[in-house]
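Contents: one structure, followed by commentary.
Here is how names work: the chains are called A, B, and so on, in the same order as the sequence lines, proteins then strands, and each is numbered from 1.
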Amino acid sequence: MRRKLPSLVLAVLVALATAGVATAANGGFTPVEPASPNAHHIQHAYYLVLGFTAAIFVLVETLLVVFVVKYRSRGRARAVEGAQVLGHTRLELIWTAIPVVILAIIAGFVFYELPNIDSAPAAADPIHITVEGHQYYWQFDYPNHARSIGTLHVPAGAVVDLKVVSPDVIHSWWIPALGGKLQAIPGRINHTWFKADTGSYDGQCAELCGVFHASMRATVRAESQQAYQHYLTSWRGTIGKQIWNGVCATCHGNLGQGGYGIAIANNSLLTQKSGLEGILRNGFTGPGGAMPPVGETWTQEEIDALAAYVKKHIYKSAPVGATSGG
Amino acid sequence: MAARSEAAYPVGWKNGRVASWLVTVDHKRIGILYIATSLVWFVAGGILALLMRTQLATPNEAFLTKNSYNEVMTMHGTTMIFLVVIPILAGFANFLVPLMIGARDMAFPRLNALSYWLFLLGGIILWLSWFAKGGAAHAGWWSYPTLSENFPFTSPGHGQDYWILSLHVLTLSSLLGAINFIVTIHNMRAPGMTWMRMPLFVWAIETYAILLLVALPALSAAITLLLLDRTVGTHFFIPSDGGSIVLYQHLFWFFGHPEVYIMVLPVFGMISEILPVFARKPIFGYKAVAFSTIGIAFFSMLVWAHHMFTTGLPVGLDSFFMISSMVIAVPTGIKIFNWIATTWRGNLIFDTPMLFALAFIALFTMGGLSGIFLAAFPVDWQVNDSYYIVAHFHYVLFGGSAFGFFGGLYYWWPKMFGRMLDERLGKWHFWLLFVGFNLTFLPQHMLGLLGMVRRIYTYHHGGIWEAYNLISSIGSGVMGVAILVFLINVWRTNVFRKGVRAGNDPWLADTLEWYTTSPPPPHNFDTVPYVTSARPLRDLRRRLAEQPQ
Ligand code: HEM
Ligand SMILES: [Cu+2]
Ligand SMILES: [Cu+2]
């Protein structure tokens, strides 16, 4: 026991110090600052569970430490027996009943919060957006057939209904500030929603989807109505670049210099639209590894935009003058 | 060891130092083989964990490549579950169940040997898969399709096939073992040992075995269908051809959740044996502890979809699985409180087994409480598949199962080998492991809440993310040192024979295994006393004390 006390004290001090520093920086004692009603209500449920579990934690650990200190042997021989108590039915019933009550309260509170988490506000007229998880990028389809890659543009304060799908493997959509996760499962259509305050929110795919799972990031940009409308009309101008940066660069490097995928900056396929289209739509396996059919679901327009972009900016681009990379 | 030579086989070569272990059908030797093999894989799996923690210590680290990270991660998880925790518990059960119930051996000794050799084979198959075409499996320990299917950009090559084959073999091993345990426990108990006088560890093994029988076939089904998809072109789990991924998830988790309890119920049993002996008291509420084991086992078959809250199940189903998961917390809570009450007014002796048992209670409580967050499904939508989960299940599997089996090793080592592990080194082992463990896994709760998802080989965030990750990696190093201390202790005790010789009953314990010599002779007991309570050895000591010669 003499050995145990200093370490315990030390552990508590270290924990307190870390906790102090961490809280100061919002260091992960609650989910990230919510920016959407569903995330807010999840946060409420989190606090309730935290309250009860923290209390039980303190109770259990305190009892344990107190008993350990109080009933330690103090040099009594091993043969000396402790009190031969076999049990105590009433006590045992009490510590069965109290958890039942606590859990019932938690479950009740979850049901109370659930409508605010699970379903979007009824009155609102939501914007429907399809979120498609791909190896290894997120693609967003807007009501007017506009599209974006990696960054989702929405008007702040609008209810956004997300249809979450995947054509290849399971991914999981998660922007921590905007609510919980939802898997994008091939063969299934899942729905979630958010209503974001103005700002930019990062997240990343939460289900292992292959080698570049760690690179599958997404950003939601909740902006003014004008900025949103502007994107819907101007997306064609940037889609080639978005695709290069959001899709190809992950494997081929920002300038096509190679990385996981082979160096393609000097590959003449970049200038042959139909050849390029073939490998984008069907994938390609060769000596340098396997490239997934990243462009399976792209329109002709997008393929054209990408082809134009790579021809101009990537093919034989001198590293210095290249404009890509942002 | 003198007693062992009695077991002379009529055939000469079978008595050799090595050969006698290869042909043994003695449950004690098989148990020791199980434990030794599991410990080897524990070290191997631990090295994989250290590789991962090195890679994750700082942002944008390039120590492991992304391909190898996924392989290492999958192999670590699969190894720790299927080659460490389950088999080491099977090893304890093999060694202890016949001794605790006063039997001569298991009901089917040859079948028992087969279980062990299948386990070894399954493990070798898994680890050979590093050399498979395309590398080891890399779709995570649950191998969800379509990532685990045979497409160029999911899991081509043969690593995944090896993984399936290995799990099939291991499943067979566990099923045979489970049948053997059940038959043994039902039929071979000593005279007077009614169900209510059975050691709590034996209760735990009974339920562990039943759970294995119920849960494993679902795993076999799932991975058989996966194998067919991969090799003969069926499409059970390929949605573009009409298959269903969610079906795989259901099958897998119908096995996967009971699996969690398979890995922890026997440890509950060990704790229920160790605590009373070092508190010099009976267990508080024997019946409550025994029946809560059964309650947990039963409900563990009704909660599987809490692993699927983010697949978009109907809210009604989510609600059902929330409630059933919360129900499980109640019998678990009963156990915790009963254990704590067992220390109340005791004469607590802090030998190493007791330290591990107390730490088990402290750490398992943490893992159990973080589980409540996961049961409340909207909260799970936030924390699922993040580092919060990684922290949660390591508190349960490492803080729970591993701390428990280390306690068990220190406690039963003298019975297994006739020598005590060194107490000083034992305490170093314990404290290093305890500190290292909390350093490693406590900060991961925060990382998960901050948004760090699991199964990523790197991250680019600095600041608090980097700090927590670094602390976590440092902690893993401290745990590595702790395990080294343990290995030195084993080496010193058994190889250099420095360990103190133990008599029959060094701890003044309660159960029948301490009635015979340490180590026990091949036939275990010359005579078995008539059992009149759950603590036959204490009864015996008291009877002896009452009638001085
Ligand atoms: C008995 C001991 C242990 C068991 C049963 C265990 C079990 C597991 C399991 C099942 C996984 C999930 C693998 C997957 O998602 O496919 C995992 C992941 C992991 N474990 Fe362990 N583990 C143990 C010890 C350790 C130790 C000692 C460390 C640290 C030094 C560690 C570090 C990790 C890491 C870093 C991951 C990756 C987490 C992720 O990205 O999902 N584990 N472990
Ligand atoms: Cu992913
Ligand atoms: Cu579970």
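- For the options A:G187, A:S73, A:A77, A:A45, heavy-atom pairs under 4.5 Å to chain B are most numerous at A:S73.
- Remark: the B:N338 side chain and the A:W95 side chain contain an N/O donor-acceptor pair separated by less than 3.5 Å.
- In this structure, chain A has no heavy atom under 4.5 Å from any part of B:I238.
- In terms of heavy-atom pairs under 4.5 angstrom with chain B, the leader among A:R78, A:H213, A:Q183 is A:R78.
- Heavy-atom distances place the side chain of A:V110, and not its backbone, under 4.5 Å from chain B.
- Taking each heavy atom of A:I170 and B:Y144 in turn, the nearest pair found is CD1-CD1, 3.7 Å.
- Scanning both residues, B:P152 and A:A290, for their nearest heavy atoms gives O-CB, 3.8 Å.
- No side-chain heavy atom of B:F151 sits under 4.5 Å from any side-chain heavy atom of A:P292.
- Judged by distance alone, with hydrogens and angles left aside, the side-chain atoms of A:R188 form no donor-acceptor pair with the main-chain N or O of B:S244 at under 3.5 Å.
- Neither the backbone nor the side chain of A:L48 comes within contact range of chain B; no heavy atoms are under 4.5 Å apart.
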Might you work through the side chain to side chain contact (heavy atoms under 4.5 Å, CB included) test for B:L348 and A:K70, ending with a clear yes or no? CA-CA 9 Å; B:L348 305 186; A:K70 190 152 176 223; over 6 Å; no
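- Neither the backbone nor the side chain of A:A104 comes within contact range of chain B; no heavy atom of the residue lies under 4.5 Å from a heavy atom of that chain.
- Proximity to chain A (any heavy atom under 4.5 Å) is shown, for B:A362, by both the backbone and the side chain.
- Neither the backbone nor the side chain of A:I189 comes within contact range of chain B, judged by heavy atoms closer than 4.5 Å.
- Atom CZ of A:F212 and atom CG of B:N67 lie 8.0 Å apart (nearest 0.5 Å).
- If you measure heavy-atom distances from A:Q204 to chain B, the contacts under 4.5 Å come from both the backbone and the side chain.
- When all heavy atoms of B:T146 and A:P186 are compared, the closest pair comes out as OG1-CG, 4.3 Å.
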Take B:F284 and A:E92, measure what side chain to side chain contact (heavy atoms under 4.5 Å, CB included) needs, and give me the verdict at the end. CA-CA 9 Å; B:F284 191 92; A:E92 290 172 66; 3.8 Å; yes
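- Counting only distance, with no hydrogens or angles, the side chain of B:N347 and the backbone of A:Y71 share no donor-acceptor pair below 3.5 Å.
- The shortest side-chain heavy-atom distance between A:V85 and B:P282 does not fall under the 4.5 Å cut-off.
- Chain B forms the most heavy-atom pairs under 4.5 Å with one residue out of A:I175, A:L86, A:L63, A:V164, and that residue is A:L86.
- Only the backbone of B:P145 comes within less than 4.5 Å of a heavy atom in chain A; its side chain stays farther off.
- Judged by distance alone, the side chains of B:R535 and A:Q84 do bring a donor and an acceptor atom under 3.5 Å apart.
- Interatomic distance, A:L208 CG to B:Y457 OH, rounded to the nearest 0.5 Å: 13.0 Å.
- Proximity to chain B involves both the backbone and the side chain of A:T96, based on heavy atoms less than 4.5 angstrom apart.
- Contact annotation for B:F337: both backbone and side-chain heavy atoms come within less than 4.5 Å of a heavy atom of chain A.
- In summary, of the residues considered (B:L147, B:D385, B:T310, B:N384), a side chain to side chain contact (heavy atoms under 4.5 Å, CB included) with A:E207 occurs for B:D385 alone.
- Residue B:L313 touches chain A through its backbone alone, counting heavy-atom pairs closer than 4.5 Å.
- Proximity to chain A is absent for every atom of B:R541, based on heavy atoms less than 4.5 angstrom apart.
- Taking SG from A:C205 and CZ from B:R455, the interatomic distance works out to 11.0 Å, rounded to the nearest 0.5 Å.
- No part of B:Y459 comes within reach of chain A, as not one of its non-hydrogen atoms sits under 4.5 angstrom from that chain.
- For chain A, the nearby part of B:I336 is the side chain; its heavy atoms alone come within less than 4.5 Å.
- Contacts of A:R74 with chain B are absent, with no heavy-atom separation under 4.5 Å from either backbone or side chain.
- Note: B:I340 CD1 to A:E61 CD = 7.5 Å, rounded to the nearest 0.5 Å.
- Highest contact tally toward chain B, considering only A:T30, A:V100, A:T285, A:I106, is held by A:T30 [criterion: heavy-atom pairs under 4.5 Å].
- Of the two parts of A:I185, only the side chain, counted from C-beta on, holds a non-hydrogen atom closer than 4.5 Å to a non-hydrogen atom of chain B.
- Taking a 6.0 Å sphere around CZ of A:F111, one finds it holds more than 12 heavy atoms contributed by other residues, nucleotides or ligands.
- Heavy atoms of B:M326 lying under 4.5 Å from chain A belong to its backbone as well as its side chain.
- Of the possible polar contacts, one joining the A:Q135 side chain to the B:F153 backbone as a donor-acceptor pair under 3.5 Å is found.
- In plain terms, the two heavy atoms of A:V32 and B:L450 that are nearest each other are CG1-O, 3.7 Å.
- When heavy atoms are compared at a cutoff of 4.5 Å, B:D351 approaches chain A solely by way of its side chain, counted from C-beta outward.
- B:V330 places a side-chain heavy atom less than 4.5 Å from the side chain of A:L103.
- Closest non-hydrogen pair, A:W174 versus B:G448, comes out as CH2-O, 3.8 Å.
- The contact between A:M291 and chain B is made entirely by backbone atoms, counting heavy-atom distances below 4.5 Å.
- Residue A:Y136 touches chain B through its side chain alone, counting heavy-atom pairs closer than 4.5 Å.
- Contact tally against chain B (heavy-atom pairs below 4.5 Å) for A:L91, A:D118, A:I102: the top residue is A:D118.
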Please test B:R280 against A:R76 for side chain to side chain contact (heavy atoms under 4.5 Å, CB included), starting from the C-alpha separation and ending with a verdict. CA-CA 11 Å; B:R280 313 306 304 144; A:R76 279 179 286 173; over 6 Å; no
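- Heavy-atom distances place both the backbone and the side chain of B:I334 under 4.5 Å from chain A.
- Here A:V80 is the residue among A:V80, A:D202, A:I98, A:D168 with the most heavy-atom pairs under 4.5 Å with chain B.
- Only the side chain of B:Q249 comes within less than 4.5 Å of a heavy atom of chain A; its backbone N, CA, C and O stay farther away.
- Using a 4.5 Å cut-off between heavy atoms, A:H41 does not touch chain B at all.
- Residue contact with chain A, scored on non-hydrogen atoms closer than 4.5 Å, involves the backbone and the side chain of B:V379 alike.
- With a 4.5 angstrom heavy-atom cutoff, B:V277 does not touch chain A via any of its atoms.
- Between B:W381 and the choices A:I117, A:N38, A:T192, A:L182, the side chain to side chain contact (heavy atoms under 4.5 Å, CB included) rule is met once, by A:I117.
- Counting heavy atoms from C-beta outward, B:Q382 and A:Y46 have side chains that stay 4.5 Å or more apart.
- When each of B:P276, B:A329, B:G346 is checked for heavy-atom pairs under 4.5 Å with chain A, B:G346 comes out on top.
- Both the backbone and the side chain of A:E81 come within contact range of chain B, each with at least one heavy atom under 4.5 Å from a heavy atom of that chain.
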